[in-house]
Asker: 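Before we start, here is the structure in question, set down as structure tokens.
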Protein chains: 2
Amino acid sequence: MTKKQLIMEKALELFAKQGFEATSVQQITDHCGISKGAFYLSFKSKDELIVALIDHFMRQFTADIDYVVNHEQNDADLLYKFYYTTFQSFNKHSDFAKILMKEPTQSFNEELFTKLHNYNKSLEKIILSMIDRLYGEQANDLKYDLAFCIKGFMNTYSELFLLYKLPIDLDLLARSLVEKTDLLAKNMTLSFISDELIQMIDQPLNEERTLAQIVEIVEKNIEDMEDSIEKESLILLKQELLEPALHPAIVKGLLENIRQHPHCKWVAYLLRRHFGIK
Amino acid sequence: MTKKQLIMEKALELFAKQGFEATSVQQITDHCGISKGAFYLSFKSKDELIVALIDHFMRQFTADIDYVVNHEQNDADLLYKFYYTTFQSFNKHSDFAKILMKEPTQSFNEELFTKLHNYNKSLEKIILSMIDRLYGEQANDLKYDLAFCIKGFMNTYSELFLLYKLPIDLDLLARSLVEKTDLLAKNMTLSFISDELIQMIDQPLNEERTLAQIVEIVEKNIEDMEDSIEKESLILLKQELLEPALHPAIVKGLLENIRQHPHCKWVAYLLRRHFGIK
DNA sequence: CATACTAATGACTACACGGTCAATTGTCAA
DNA sequence: TTGACAATTGACCGTGTAGTCATTAGTATG
């Protein structure tokens, strides 16, 4: 484990207990068993650590959900898989989820707020594509409301195990939320959230990634990796970004190679979107 | 206006923007146009100010909602009035609502956490009484789930105007949430949140259970069970309570044995806490 | 073993915080 | 106008913070 990873891991525990503000760098380094100076060899500042943590987990989370939604063939299982994976992920990374749910986002600096907003939008996009696939025309006017309800369920029910550390029957939870969602989708008539409203929310924060940005992210990823099949796959994919030459099937295979690697989930997500591969 | 009120008003604005931690007493007094010393004539400490703010608004909010729910004669309008009043109140006191939604509750001191938990319980009680009145027997097993959904709606939809300051059609919002709530109440079949689960949530805030109490609960559980692996496991765990002898790994295994048994979840939860096993 | 280099340390700085209190200002009855 | 008292101030204190950097420890190479 690199020092960076150690710091991130230990810092997360403290942040979850005390929040960002209330946790000092000294506490973090003590908890890691390293000196304060060593901390600043890995991170330029405390803020950079926070950004790194948020990126690390949000990328993984977004990528996981996206994969599940895109790879579930059976419509009947889609919603279930979505909820199950979501809560499983929350449960696995409960320290981070706790921070995410409760940290006062508006008090962050602009950069972090925008960042979180964008991740939130990614999640919303995934949810909307799922709604579209399952209910299509039937729920067109209601899709945003439905997405909001789904997010509301996620928020409220996750409190149960984040705040109170209760044992959770994930299967039952997922099934019960599927039922609720399905009921709403098939019977709702009143739409509150219009396209217009969504546009107003999105207005200031639009941002597509350019090819160059993606290449840059891939390169950074390659640097951080140890020699392995995954690294080789990523290098090949980077070449494919710059000079498309490979058969789609090969690209898909390469993406599959890196999908499970914990540090590649985000980059795999970006690449899947870029190459238009499910 | 008394000095106390002035301070509370001005402090609230800053807290909403920056959070409690990030707002200094100096900032507050500057914003009020008074000296730091004057602040401490009105409040013993910054914490006392925070408590005063939370009490002031939560009392008002709880009382408002309670009044509406208790004084609405017409069942058909009850839910609508509830949602309308709630969001109107959020809107009116949006600075406070913002704090409430986003402040990391777990990082507060014990007193504040308990306080908020109690207000939350009051609100839940009001919601549950409303559910009981409207749907009675029909939704008895589902009442907690329904209450959670209502809270989820409140949370998610309030973000729209708390975070993004959008103009809101309160009437349409309330009507659309009434529809959703009604749909769920009349058609849901799967209950996720049981009485047992609610008990577990309330538990950690009460006093710690003594060993004797836990033993008693375990014994009662054993009596009610049929002969099985689970029962044997529970008997062994009871002995372990009285005379610790087993390896932690064995204890964990025994706990795992009873975890899924429907009548053991509560006792498994207590035991996990007692033995300090995740 | 000597050298060159990197990794790691922790004492240190500058500063911001919550909270205090001697000194100052404002008020009003005598 | 005086004097007694209450209200208010802001310099000050101890503490804890983020971040720096001269120094030291560790390691690889010739």
Side-chain angles (χ1 to χ4, degrees), chain A residues 1-55 99 103-104 106-113 115 223-227, chain B residues 1-55 99 103-113 115:
Chain A
M1 195 193 316
T2 69
K3 190 131 295 170
K4 239 179 167 166
Q5 287 172 307
L6 171 73
I7 292 171
M8 285 171 71
E9 197 172 289
K10 296 294 183 183
L12 185 66
E13 294 171 18
L14 295 174
F15 285 150
K17 261 188 234 151
Q18 312 169 338
F20 291 134
E21 288 270 3
T23 303
S24 69
V25 174
Q26 189 69 62
Q27 271 182 291
I28 295 169
T29 55
D30 286 354
H31 200 222
C32 291
I34 63 171
S35 69
K36 212 165 160 187
F39 175 91
Y40 285 94
L41 292 177
S42 294
F43 295 95
K44 275 205 209 77
S45 66
K46 187 179 163 184
D47 272 355
E48 195 182 274
L49 165 64
I50 294 172
V51 169
L53 273 173
I54 287 180
D55 272 336
I99 291 173
E103 200 65 25
Q106 72 267 30
S107 74
F108 287 159
N109 55 49
E110 198 73 23
E111 186 204 347
L112 253 181
F113 183 82
K115 212 174 245 306
E223 279 174 31
D224 291 346
M225 289 174 72
E226 313 208 345
D227 284 350
Chain B
M1 193 193 316
T2 70
K3 188 129 298 166
K4 240 181 165 162
Q5 287 172 306
L6 172 73
I7 293 172
M8 284 171 73
E9 199 173 286
K10 297 293 185 184
L12 186 65
E13 293 171 17
L14 295 174
F15 285 151
K17 262 190 234 148
Q18 313 170 338
F20 292 133
E21 288 269 3
T23 303
S24 69
V25 174
Q26 188 69 62
Q27 271 182 290
I28 295 169
T29 54
D30 286 352
H31 201 223
C32 291
I34 62 172
S35 71
K36 212 164 157 186
F39 174 91
Y40 286 95
L41 292 175
S42 296
F43 295 96
K44 276 208 210 76
S45 67
K46 188 180 163 184
D47 271 355
E48 196 184 272
L49 166 64
I50 294 172
V51 169
L53 273 173
I54 287 179
D55 271 335
I99 292 173
E103 200 65 25
T105 43
Q106 73 267 29
S107 74
F108 287 160
N109 55 48
E110 198 74 25
E111 185 203 350
L112 254 182
F113 183 81
K115 210 174 248 305

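Here the structure is a predicted model, which means the values were calculated and not measured. Below, chain A is the first sequence line, B the second, and so on; all start at residue 1.
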Asker: Between A/Gln26 (CD) and D/dT20 (C1'), how many Å, whole number?
Answerer: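 Answer to the nearest Å: 14 Å.
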Asker: Can you name the side-chain contact (heavy atoms from CB on, under 4.5 Å) partners of A/Leu41, sequence neighbours left out?
Answerer: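 Result, side-chain contact (heavy atoms from CB on, under 4.5 Å) vs A/Leu41: none returned.
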Asker: Using a 4.5 Å cut-off on heavy atoms from C-beta on, say whether the side chain of A/Gln5 contacts that of A/Met8.
Answerer: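 They are not in contact (no side-chain heavy atoms under 4.5 Å apart), so the answer is no.
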Asker: In whole Å, I'd like the distance from the CD atom of A/Glu48 to the P atom of D/dA18.
Answerer: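 A/Glu48 atom CD is separated from D/dA18 atom P by 15 Å.
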Asker: Rounded off to whole Å, could you give me the NZ-to-P distance for the A/Lys46 and D/dG19 pair?
Answerer: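 About 8 Å, once rounded to whole Å.
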Asker: Would you mind reading off the distance between A/Asp47 atom CG and D/dG19 atom C1', rounded to a whole angstrom?
Answerer: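 Distance check: A/Asp47 CG to D/dG19 C1' gives 12 Å.
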Asker: Distance under 4.0 Å to a non-hydrogen atom of chain A counts as contact; along DNA chain C, which nucleotides mark the start and end?
Answerer: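 In short, chain A contacts DNA chain C from C/dA8 to C/dG10.
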Asker: With sequence neighbours left out, what residues match A/Ser24 under side-chain contact (heavy atoms from CB on, under 4.5 Å)?
Answerer: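 So A/Ser24 forms a side-chain contact (heavy atoms from CB on, under 4.5 Å) with A/Gln26, A/Gln27.
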Asker: Please tabulate, one pair per line, each protein N/O and nucleotide N/O from nucleotides 5-10 of chain D that are separated by under 3.5 Å, including the distance.
Answerer:
{"residue": "D/dT8", "atom": "OP1", "partner": "B/Lys3", "partner atom": "NZ", "Å": "3.4"}
{"residue": "D/dT9", "atom": "OP2", "partner": "B/Ser35", "partner atom": "N", "Å": "3.0"}
{"residue": "D/dT9", "atom": "OP2", "partner": "B/Ser35", "partner atom": "OG", "Å": "2.8"}
{"residue": "D/dT9", "atom": "O5'", "partner": "B/Ser35", "partner atom": "OG", "Å": "3.2"}
{"residue": "D/dG10", "atom": "O6", "partner": "B/Gly37", "partner atom": "N", "Å": "3.4"}

Asker: What's the OH-P distance between B/Tyr40 and D/dC12, to the nearest Å?
Answerer: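 It works out to 18 Å between those atoms.
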Asker: Using a 4.5 Å cut-off on heavy atoms from C-beta on, say whether the side chain of A/Phe15 contacts that of A/Leu49.
Answerer: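 Yes, side chains in contact.
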Asker: Please examine the side chains of A/Ile99 and A/Leu12, heavy atoms only from C-beta on, and report whether any two atoms are closer than 4.5 Å.
Answerer: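 Answer yes - side chains close enough.
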Asker: Can you find a heavy atom in the side chain of A/Thr23 that is under 4.5 Å from one in the side chain of A/Lys17?
Answerer: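 Heavy-atom side-chain distance check fails, nothing below 4.5 Å.
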Asker: At 4.0 Å (heavy atoms only), tell me whether B/Thr23 reaches a base, stays on the sugar-phosphate, or touches nothing.
Answerer: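 Result for B/Thr23 = sugar-phosphate.
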Asker: Just to verify, what does B/Ser42 make a side-chain contact (heavy atoms from CB on, under 4.5 Å) with, not counting sequence neighbours?
Answerer: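 B/Ser42: side-chain contact (heavy atoms from CB on, under 4.5 Å) contacts with B/Lys3, B/Lys4, B/Ile7.
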Asker: Tell me the salt bridge (Lys or Arg N to Asp or Glu O under 4.0 Å) pairs involving residues 41-50 of chain B, sequence neighbours left out?
Answerer: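 Non-adjacent pairs meeting salt bridge (Lys or Arg N to Asp or Glu O under 4.0 Å): B/Lys44-B/Glu48.
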